[in-house]
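Notes follow the structure.
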Amino acid sequence: MLDDFLVRAGLAGVGTALAAAPLGCFVVWRRMAYFGDATAHAALLGVALSLAFQGPIMIGVLATALIMATLVQSLSGRGLAEDTLLGVMAHAALAVGIVAVSLLSGVRVDLMSYLFGDILAVSKTDLALIWTGAAAVVGLILWRWQRLLTAALNPDLAQASGISAKTEQLVLTIALAVTVAVAIKVVGALLIGALLVIPPAVARPLARTPEVMALLTAAIGSLSALGGLGAAYQFDTPTGPTIVCVAAGLFVITTLFGARTLR
Amino acid sequence: MRLMTAEGLTLGHGSTPVLRDVDFHIDRGEIVTLVGPNGSGKSTLVKGLIGAIRPIKGRVDQVRGLRVGYVPQSLQMDGFLPLTVSRFLCLPHRHSDDAMARALQEAGVPDLAKRQMRDLSGGQFQRVLLARALLMEPDILILDEATQGLDQPGAAAFYRQIADVRDQLGCAVLMVSHDLHVVMAASDRVLCLNGHVCCQGTPDVVQDAPEYRALFGTGTQGAFALYRHQHDHHHHHHDQDHGHDHEDA
């Protein structure tokens, strides 16, 4: 079954969507969308480093994503407006990454596949890594769920209950780095942010509790991945962007529908 | 019993001190109020006491296993996080439906459990925050300008609720407030802050202190008389007929 590249692609898409779902909810709840972008864009630099040192891509991506996320976090709250700072970091990381990849002489690199993903080329090893990473992210977030939620609500409120807001932020940072590493093969550095933000935004009008929202997000993300894969196969379009298009379409539907029927 | 002690506490944002050399303590059953102008360090002191910011100098000691019920200044509920009142009450510790119903009752908002947090009015929201703090069975309740956005009668009613809660639970209460006069009269002890502790003592002592007058002036004297009067009136009721007083609010 795993010998069929479409089956592997589908499993990779669903695995990524599952990892992105609970994390994406926190990205939306804590207004970290730009934070996600900055971290994801840094992944490209990780690709360049991995290629230069001929190491595994995922490790390079994981390391740079971790460094970037920690850097952004420690720089924030130091005078510069946070969105400006994140904007600078996100775009700079992307540009530096692309330049770094192009500087690698002698290596022929398909830049597009790292920018927009190459889900149809997912190998069995990739698949194992994706699902391991996804399981780690989901496990981590489930374990800390109550604490993460309290900290997302208000850091002081969390502190008064003996929960360190800083620790919970670190948990999200780690989860984000792992998710970026998992997702780069599937949707690429440019669209990881979309995979984090759009499915929770689709689920939001339909949910009354955080748990329902996270579950719906997982379902919507998986649906987008499979639907996008199918559509890309049908219409011969690039897969990563097609997945994001399906998610965006769902967003329009639930937002219009949700605004009218639910509150 | 002494619940919290701070000695020589200097607090600030980063390394810039906002509040210097504060000695502070609070005992079980005591209501202590922090007053002071904007930027005087009231909220900073609260954050230092709950451990949300690390002191630049000095130290905070808490009784071992101290349970803090914290009611923040405000919570931004912008609607991205879907949250019913009962789900909110279960953060970070889960509670039984009975316990939640009782807490909401005690906080004066018995029928809100199924509502979405963001659909609540300002007064309901603050009372739900209070209910959550009560569920922690606190040794000390800490309220940081908890009546922001409430009108005078609303704030007065809220403070009466706090006094009731203190009487029932025997917990300590630490409040930060702008509603000087309402709060002052309900407190056992008042600390007037302005970058340091300017003066402290019983409300009567503080309101006559030259430092306090220098900060808040004599321009509020007329209003003060009015609120003072209002409070006496309520207090009278309060002593005689507890339940009735509640419904008035």
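What you see below is based on every heavy atom in this structure, not just the backbone, and it leaves out hydrogens, waters and symmetry mates. Convention: sequence-line order gives letters A, B, ...; per-chain numbering from 1. Being a predicted model, the structure only gives us computed values, none of them experimental.
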Worksheet, complete the sentence: Ranking A160(A), P155(A), A158(A) by heavy-atom pairs under 4.5 Å to chain B gives rank one to A160(A)

Discussion item. Between Q159(A) (side chain only) and I53(B) (backbone N and O only), is there a donor and an acceptor less than 3.5 Å apart?
Written reply: no

Worksheet entry | Options V28(A), L157(A), I163(A), N154(A), ranked by heavy-atom pairs under 4.5 Å with chain B, top entry | L157(A)

Response to the item:
Residue from V46(B), D144(B), I142(B), L91(B) scoring the most non-hydrogen pairs under 4.5 Å with chain A is L91(B)

Practice prompt. Decide yes or no for W145(A) and P92(B): does some side-chain heavy atom of the first lie under 4.5 Å from some side-chain heavy atom of the second?
Written response: no

Practice prompt. State, to 0.1 Å, how close Q146(A) and C90(B) come at their nearest heavy-atom pair, and which atoms those are.
Written response: NE2-O, 2.7 Å

Practice prompt. Mark yes or no for whether R87(B), through its side chain, and R208(A), through its backbone, hold a donor-acceptor pair below 3.5 Å.
Written response: no

Item to complete: Can you establish whether the number of heavy atoms outside R144(A) located under 6.0 Å from its atom CZ is more than 12?
Response: yes

Discussion item. Counting heavy-atom pairs closer than 4.5 Å to chain B, which one of R30(A), E211(A), M213(A) comes out on top?
Written reply: E211(A)

Fill in: side-chain contact (heavy atoms from CB on, under 4.5 Å) between F80(B) and R31(A), worked out
CA-CA 9 Å; F80(B) 285 123; R31(A) 300 168 170 277; 3.6 Å; yes

Worksheet item: Which of the residues H13(B), H93(B), R132(B), R67(B) is involved in the greatest number of heavy-atom pairs with chain A at under 4.5 angstrom?
Response: R132(B)

List the atom pairs, donor and acceptor, that lie under 3.5 Å between side-chain atoms in residues 131-139 of chain A and the rest of the protein, sequence neighbours left out.
unit_1, atom_1, unit_2, atom_2, d
W131(A), NE1, L11(A), O, 3.0
T132(A), OG1, A128(A), O, 2.6

Worksheet item: When rounded to the nearest 0.5 angstrom, what distance separates CG in L83(B) from CG in L153(A)?
Response: 6.0 Å

Discussion item. Please give me the minimum heavy-atom distance between K47(B) and D156(A), naming the atom from each residue.
Written reply: CE-OD2, 2.9 Å

